[in-house]
Amino acid sequence: MNAASSLISELRSSLSDESARIQQEFETSGNGRAAVAQRTRLVEEILGRLWRDIVASEQTKPANFALVATGGFGRGWMFPYSDIDLLFLFGDRNAEQVFKEPVRRFSQELWDLRLKLSPASRTLGECDRYDPNNTEFTISLLDSRFLAGDHDLFRRLHDKVIPKLLMRESKGLLQGLAEVTRERHAKYGMTLYHLEPNLKESPGGLRDCNVASWLALISAMDKLHDWPDASSLRAPVRRQLDAALEFLMSARCFLHFRHGRDDNTLSWEAQDEAAARKVGTQMSESPAEDRVEISAADWMRIYFGHARAVQRTVTQLLEEIPEAWSALYRQVQSWRSRLTTPDFSVVDGLIFLQQPSALQDPEVLLRLFHFMAHHGLRLSATTEYRIEQALPALASMPPRGAELWLYLQETLLQPHAADALRAMHSLRLLTLLLPELKVIDSLVVRDFYHRFTVDEHSFLAIESLHRLKQSQSEWDKRYAELLGELENPELLYLALLLHDTGKGVPGGNHVVASLEIAGRAMDRLDVDPRERAEVLFLIGSHLELSAALRRDIFNPDTVAAFAEKMGTPERLKMLALLTYADIKAVNPEALTPWKAENVWQLYMGADNYLNRSADRRLHTSVHADVNDEKLARLRSLAPVTRSKFKGFLEGFPQRYLLVHSAEEVMRHMAMAEELGNNPVQVDLKRGRHWYELALVTRDRPFLFARLSGVLAAWGMNIVKANAFSNQAGTVVDTLYFTDRFRTLELNLSEWERFKRSVADVLLGHADLDKMLRDRQRAEKGAIAKVKVETKIEFDDSCSSTSTLVQVIAQDRPRLLHRIASCLSHQECNIEIALIDTEGQMAIDTFYLTSGGKKLKPEHFRRVEKALVEELRGE
């Protein structure tokens, strides 16, 4: 055996023995930082032996050539299977040629020892150049450390070249580092909450710890024009990172030893083992506490807590360095700076408090996150610090009740609600306000289908709904239209926030557990009983649509069963949206075009079923068990008037009971009882998107036509309507309309005059035709942006008692009045009217009878001809 072979054999033996010893020591202590330091020293010793044997002895140091540790090795962070980052630094090209063969042999020997080398060869002059396409090399120089060779050459690199390079290129370097970081984060969906995260590369991982150090170092060198001292990072930031570093270094050492390679993926199996061994956790001095086991879910929560701190630190540092952002970004941030209010100032897209002590008022705190959700801004580090300082006082008496729900729902409705929720969650404010969410905080659920933790999944679902409006996807556009039609979208967002909370309860059915948790949360928020019922319905049904997709969705029985579970078109829309968002938030590939198509097909089929089965009558004696929940609610509200409400409900279509809450039914019944004193009962209220007019009166010819006519005469645009009558001939019509001329909004006194006008027209005390002519003269004809072809379809098979006619036409003023009047002139009685508007297209469906029976074929042909002539032109 020659000398070279003997050295390699000795080094291989030493490397093997020392590596085994380091691993064994780590298995006992769990101290990752110590293992990394020992591994670094071991590699340094091997490099030193090879350098002396191949390049030069200690007495014959080469001129113009130095061996430099860079990157992770330069920092002294040699993890068990990390690459060795080395720079072969030459004074000039001549030196590079002279040492070409020794460098080759040196590298080869390292490879023979199965040490992974990441080498770079540069002259001193080349190190002075910044390549925007290779930001990583310049960044690696920030951690450079002398190992062997010409020390003067290294000092010139360290003391002169690098500081001058940083002074000259700091802006480009910061921007390059920011772009590289954003691209890396984008690969992981911009979130750290993965079920099986990569603890080096994921947001909040070890790489981000390095980014934080580099950002602080570059900024410091740019100011000092030299290397700063070791305290280049501010003390609070260092403390945040130190705690996370201890954990992450131990966890990465554990993964390297476990996998036997540079694999940093925290697989589920690795999580189980790490939790069992309490990797990275602070070992207690108490033997009793040491014996307390940690579940994999709890250990991952510790990991996510550290990763969250790291990501927050990096995000703050990136935001605080203006040079890191593009000109376009700066322009946007400058625009946002004009959003400053008396409470908050906005500088470079960051929110600052005008009065630091203002957060003592919980209302200001809630307004702060509403402001953030509305404008898409971030909190400054100072503001976050103030919030953290305010939390202990807030925890002693947290806001709750209707006021908290008011602020929360307004925040949920804003376009950047998900980012505001994440910020509240990161600062522990969200779980302080809604402790029910603690069970899903950073919760990993072993599900091969899901990619994210349960809390992040919920935020993503909310985010995906808010992004529908900006999306160019055909599917997103369809669902965006549905979202725009919801009267109470905040209930859908609340349902998404709470729908999977039951996954934090071990065992059992997570839907049942979610309902129980959501109930407690809504108790805390003092949510209105009707709104509460809607949220609970959505949570309790959030798997129904997905389950129905596993059946033949083109089978009428499948559609009918699903539609009857939904009950009303509004619930159907909300559940379709919830399902769509829920699937999209599972993982980026979960919502395939095929699945999106099926969700839409089932939604359309169920919506069609609900509209075409609307006239099945309610007979309280027969349907005692139908809608038993609603009937039970009614009985509880009216225990002494049971016979009255039975008589009131008798003969109404079942749809009446489904679309109106128990409280609304009670109100209608009370209005019906007043008909003896006043034959036309009118109730008017304002919703989020439109006004709601409820009319209770006795049935009579042309009633619906006159009602729609008086609204048209006032310039109102009817967007939805329901018209029902019971066996006793009592009519309950509900019309939803927008106030095109803001008459009611700007003149509160007009509300009473409007209601009197409705009653006067219906009682024949006012001239409707004159009112319509006056309105027609006052308005100039608007030009339709989209041409809608008129279609009239009859269906005599979908109802046993009525003939259905559906009219699709260009939406325009007085359209409903004209159609209803035409039907009345043709001796048709409107049993049910379902009015809907999609953009500039009116879709009006009527269930008709004549003489109490279906229309005969020759009759509906006359009706069709009359409608065609009525709608022709204009």
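Nothing here was measured: the structure is a model prediction, and the numbers come from that model.
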Closest non-hydrogen atom pair, [X] against [Y]:
X	Y	answer
A393	S396	O-OG, 2.6 Å
T411	A420	CG2-CB, 4.3 Å
A395	P398	O-CD, 3.4 Å
A244	V310	CB-CG2, 3.4 Å

[X] side chain vs [Y] backbone, donor-acceptor pair below 3.5 Å:
X	Y	value
Q271	L266	yes
S514	H499	yes
H542	I539	yes
N488	E490	no
S541	L538	no
S345	T341	no
N747	T743	yes

From [X] atom [atom1] to [Y] atom [atom2], the distance as rounded to the nearest 0.5 Å:
X	Y	atom1	atom2	answer
D523	R400	CG	CZ	8.5 Å
M574	L486	CE	CG	6.5 Å
L744	W751	CG	CH2	6.5 Å
L437	T431	CG	OG1	7.5 Å
Q311	Y193	CD	OH	7.5 Å
I351	L377	CD1	CG	4.5 Å

Under the criterion side chain to side chain contact (heavy atoms under 4.5 Å, CB included), which of V444, V445, L443 is the partner of T453?
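For T453, the side chain to side chain contact (heavy atoms under 4.5 Å, CB included) check succeeds only for V444.
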Under a 4.5 Å cut-off applied to non-hydrogen side-chain atoms, are [X] and [Y] in contact?
X	Y	value
S170	M221	no
L394	P399	yes
Q470	D476	no
H370	Q414	yes
E752	K755	yes
E570	E487	yes
F459	L421	yes
S202	L192	no

Hey, is [atom1] on [X] packed in by over 12 heavy atoms from elsewhere, all under 6.0 Å?
X	atom1	result
K477	NZ	yes
K438	NZ	no
Q360	CD	no
Q355	CD	no

Are [X] and [Y] close enough for a salt bridge, meaning some N to O gap below 4.0 Å?
X	Y	answer
K503	D500	yes
D739	R686	no
R312	E384	yes
D208	R184	yes
E534	R530	no
R428	D441	yes
R467	E463	yes

Check the orientation of H194 and Y188. Use parallel for under 30°, tilted for 30 to 60°, and perpendicular for over 60°.
perpendicular
Are H457 and H450 close enough, and set up right, to give a ring-ring contact (aromatic ring centres under 6.0 Å, His included), and what steps lead you there?
CA-CA 8 Å; H457 163 75; H450 284 72; 5.3 Å; yes
Indicate whether the side chain of [X] and that of [Y] have a donor and an acceptor atom separated by less than 3.5 Å.
X	Y	result
D455	H425	yes
Y407	E363	yes
D298	S295	yes

Salt bridge (charged side-chain N to carboxylate O under 4.0 Å, His left out) between D419 and R422, worked out:
CA-CA 5 Å; D419 287 337; R422 289 189 181 100; 3.1 Å; yes
Under 6.0 Å from the six-membered ring centre of F537 and within 45° of its axis: does the NZ or CZ of R571 meet both?
yes
Could you walk me through whether L368 and M372 pass the side-chain contact (heavy atoms from CB on, under 4.5 Å) test, one step at a time?
CA-CA 6 Å; L368 171 62; M372 179 183 182; 5.8 Å; no
Go through Y691 and K685 one step at a time and tell me if the side-chain contact (heavy atoms from CB on, under 4.5 Å) criterion holds.
CA-CA 6 Å; Y691 292 85; K685 62 181 180 180; over 6 Å; no
Audit row: Y493, L498, side-chain contact (heavy atoms from CB on, under 4.5 Å) steps and yes/no
CA-CA 9 Å; Y493 292 121; L498 299 170; over 6 Å; no
Carefully, step by step, assess R367 and D343 under the rule salt bridge (charged side-chain N to carboxylate O under 4.0 Å, His left out).
CA-CA 9 Å; R367 285 209 305 269; D343 288 326; 2.7 Å; yes
Criterion side-chain contact (heavy atoms from CB on, under 4.5 Å) on R308 and S442, from CA distance to verdict
CA-CA 10 Å; R308 190 153 49 190; S442 307; 4.1 Å; yes
For the pair R667 and E663, evaluate salt bridge (charged side-chain N to carboxylate O under 4.0 Å, His left out) and give the outcome as yes or no after the intermediate values.
CA-CA 6 Å; R667 182 159 53 91; E663 289 75 12; over 6 Å; no
